[in-house]
A.B. asks: 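First the structure, which I've put down as structure tokens, then a few questions once you've had a look.
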2 protein chains.
Amino acid sequence: MRSRPRLIDVARDAGVSPATVSRAVSQPELLAAATLALVQASARKLGYVPDGAAQALASGRTMTVAAVMPTLDSIIFAKALQSMQVALSAVGYQLLVASHEYSVGAEAEAVRLLLARGIDGLILVGAERPEATNTLLRQANVPVVLTWCPDGVNASVTVDNALAGRLAAEHLIRLGHRRIGMVCGHLLFNDRQRARLEGVRAALAEAGLDLPDWRISHQPMTISGGRNGCSALLECADRPTALIGGIDLFALGSIAEAQARGLCVPSDLSVVGIDDTEMASQVSPSLTSVHIPTAQIGEMAALTLLGRIRHAEPPADRLLPINLIVRRSSTVPPAADALQRSSET
Amino acid sequence: MRSRPRLIDVARDAGVSPATVSRAVSQPELLAAATLALVQASARKLGYVPDGAAQALASGRTMTVAAVMPTLDSIIFAKALQSMQVALSAVGYQLLVASHEYSVGAEAEAVRLLLARGIDGLILVGAERPEATNTLLRQANVPVVLTWCPDGVNASVTVDNALAGRLAAEHLIRLGHRRIGMVCGHLLFNDRQRARLEGVRAALAEAGLDLPDWRISHQPMTISGGRNGCSALLECADRPTALIGGIDLFALGSIAEAQARGLCVPSDLSVVGIDDTEMASQVSPSLTSVHIPTAQIGEMAALTLLGRIRHAEPPADRLLPINLIVRRSSTVPPAADALQRSSET
DNA sequence: CGCATTTATGAGAGCGCTTTCATTCATGCT
DNA sequence: AGCATGAATGAAAGCGCTCTCATAAATGCG
């Protein structure tokens, strides 16, 4: 029993040169129809499968791109990954994944390994990274597409995270809330959360409100994080009448925590999320949230990257629209608070 | 400005042979300490990064494994993927991902592409696939690890899905429920759901109960699927007093739907899930669910695969334990039903 | 009908690394 | 001291494919 047949075996069988077989595989349009059919018949007969490593070495193309995400098991990134994968596999590209758990060093290391292994393009999340990593990327001369945040150098597919925060805050302000808290992810190596927080802060400032540190709770990005954050914010004096979750998970956790404490959402506490994941519309009360087109980010990132790889398109930034989806978790502040507020003024 | 330095450049710079540089990279223990240091210095100086494609071609090892999942954006598979990735990257392996959206053909195609691209090992979900795919796998002679369901041929890291269904059902039976419905994913190319359903059916049968088709609602695997399934089951005459979700998402959707209809969970309707995802413990009421060690499946699958790749370990099956986590969403059936039930008897 | 094109195929030199085999010393043993 | 061993390195033959260049055949045109 022989090992896997190689290109030359097919060539021999079909009575053509290796070059012809190679063309049959990668540029069939160059061959006469008859020759092509002949080669394909031999290939099928022998069960020929081209060797990817050899193709990669000889052609310089690996037909593989990589995505380095903070984590793979977040609904958001998983969804983006899924749409990337679909877009890529549709044109024969493979997707390599890595995660860094919000560690700058881990990201740099992942990028290094990926570049060594050989990739045709790279998708990263966020714009914040040490200059060393950027240098590495530049030297490797590999097309890069950034997602969620632009950096002005690489191509990017983003949303305006500050606007997301702003939309959430403005909605609450418009409803009459004046004490608004925020449950927010750690800001280290997370420019998305930082931008959202700044958007909230800016909107509040414009309304003459402020967002003191003690009304911001930084939490790990899980539902429990949301619960704990809500818990912390509700326990301080002068408790907020509304909460913004830096991600839906926080908002969902906050609703759960508020309910567990016997508070009614939204009448006792309004909650607004950012992301608009599937859960948002399904929980009770349904969650008001800023819709972020996550899947579209993934797909567009993949397509943009393919454009850069295959047609050498120059870097370009695409900003996807976002919008507030008002549901049941937000309403006017409690009457007691309205009174208290007016007496304060 | 030169292009990336190659191995031979380092050899020249260090005044050694290419073979020595190669050893410095892949088998440093073979070199004299002094030589190694010399080579490493040159490599660092020149910024040498080995070419993965060339390494792969020359050595036959790609340092890459692939995972083909039904979808990447399910919490379950995303979590498994995450733990695989961590386990793999710890030993320098890269993870390639593909998804097939529960299409047999798509899986076969993904496997074909992956094998062509060159991988050292493969992780698949479930045991059900056409013989053609298995043949392909056998010919490629690549180590395979199955997850969630064993097939008796390949190595596997699994849980007893039938037992999961059984645990859920027995819990409800023990509480006194006699009309138990199930929201279940499509069974086509999904042996996990099939096994869970069979487990439920078997447990009911042993209790002298049956599970007529009209008490099973097959739904797409989303929360809305859960809502719709619940909706369908509640609308038939002789409505069930308890529902089992083939995945937590269904159970979660069922709770939402029941609540939206003004039913109280668990007093009007008990709901049990399978998977025990993070949401289960956080929703209100918290969800009784059969815990499946998803992350562990991923990690063990990766480790098992590595064992097969690096130490040529023979296929082995590992069955991970599961257990029912009782929370607030399940209780005894409504009193009215108990009466009605006894009058029926 | 002859020449300039175009189209289809072949020849062959790599792509950058690994790895066997051979070679050279240094070492241990009797 | 003399020989068998083992350790450290080098030489060189690929790994399986791609792609440029050259050639041969087919086509178009005046």
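Just so we're clear, the structure is a prediction, and the values are computed from it rather than from any experiment. Throughout, protein chains are lettered first and strands after them, A, B, ... in sequence-line order, and every chain is numbered starting at 1.
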A.B. asks: Report, as a single string ordered 5' to 3', how protein heavy atoms within less than 4.0 Å touch nucleotides 6-15 of chain C: B base, S sugar-phosphate only, - not at all.
C.D. replies: --SBBB--BB

A.B. asks: Ignoring hydrogens and angles, tell me if any N or O in the side chain of A:Asp120 forms a donor-acceptor pair with the backbone of A:Thr62 under 3.5 Å.
C.D. replies: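 Side chain of A:Asp120 to backbone of A:Thr62: a pair is present.
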
A.B. asks: Roughly, in whole Å, what's the span from CG in B:Leu7 to P in C:dT19?
C.D. replies: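 Answer to the nearest Å: 12 Å.
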
A.B. asks: How many whole angstroms separate atom CD of A:Gln27 from atom P of D:dC19?
C.D. replies: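 The answer, rounded to whole Å, is 6 Å.
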
A.B. asks: Minimum heavy-atom separation for A:Cys149 to A:Asn161, with atom names?
C.D. replies: SG-ND2, 3.7 Å

A.B. asks: Suppose the criterion is side chain to side chain donor-acceptor pair (under 3.5 Å): which pairs have a residue in residues 306-317 of chain A, not counting sequence neighbours?
C.D. replies: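 Non-adjacent pairs meeting side chain to side chain donor-acceptor pair (under 3.5 Å): A:Ser156-A:Asp317.
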
A.B. asks: Salt bridge check, A:Asp191 against A:Arg194: does any charged N sit closer than 4.0 Å to a carboxylate O?
C.D. replies: no

A.B. asks: Is the ring pair B:His100/B:Phe189 parallel, tilted or perpendicular, if the boundaries are 30 and 60 degrees?
C.D. replies: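 Tilted.
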
A.B. asks: What integer distance in Å separates A:Arg117:CZ from C:dC17:P?
C.D. replies: 12 Å

A.B. asks: Roughly how far apart are A:Arg129 CZ and A:Leu124 CG, rounded to 0.5 Å?
C.D. replies: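 Nearest 0.5 Å value for the CZ-CG distance: 4.5 Å.
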
A.B. asks: Looking only at side-chain N and O atoms, does B:Gln55 come under 4.0 Å of OP1 or OP2 in C:dT18?
C.D. replies: yes

A.B. asks: Measure CZ/B:Arg4 against C1'/C:dG16 and give the value in whole Å, please.
C.D. replies: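 Distance, rounded to whole Å: 10 Å.
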
